[in-house]
Amino acid sequence: MFVTDKVEVKLRLPQEVKEKLQKEAEKQKRSLNNLLEVIIEEYLK
């Protein structure tokens with residue numbers, strides 16, 4: 001079993017926003033989830 005200190009969060013976004021984020025994640029060779037994590041961490045700095 002994989003143990004992590006991360007929790008799951010459900011987020012609802014407009015389809016257009018999700019598609020833009022997905023394209024950006026692909027450009028950066030990241031998962032959408034990882035991109036969102038990085039964006040949120042930067043915002044909180």
Selection residues 35-45 - residue pairs positive for side-chain hydrogen bond (donor to acceptor under 3.5 Å, both in side chains), sequence neighbours left out: K6-E37, E42-K45

Sequence-distant partners of K20, side-chain hydrogen bond (donor to acceptor under 3.5 Å, both in side chains), two or more places apart: E16

Approximate separation, where rounding is to 0.5 Å, of N34 CG and I39 CD1: 10.0 Å

L21 side, atom CG; L11 side, atom CG - distance, nearest 0.5 Å: 9.0 Å

I40 with V9, same ILVMFWY side-chain cluster at under 4.5 Å: no

Set of residues satisfying side chain to side chain contact (heavy atoms under 4.5 Å, CB included) with respect to E24, sequence neighbours excluded: K27, Q28, L35

Those residues that, when tested against E8, pass side-chain hydrogen bond (donor to acceptor under 3.5 Å, both in side chains) (two or more places apart): none

Side chain to side chain contact (heavy atoms under 4.5 Å, CB included) partners of Q22, counting only residues at least two apart: K18, E26, L32

Residue list, side-chain hydrogen bond (donor to acceptor under 3.5 Å, both in side chains) with N33, at least two apart or on another chain: none

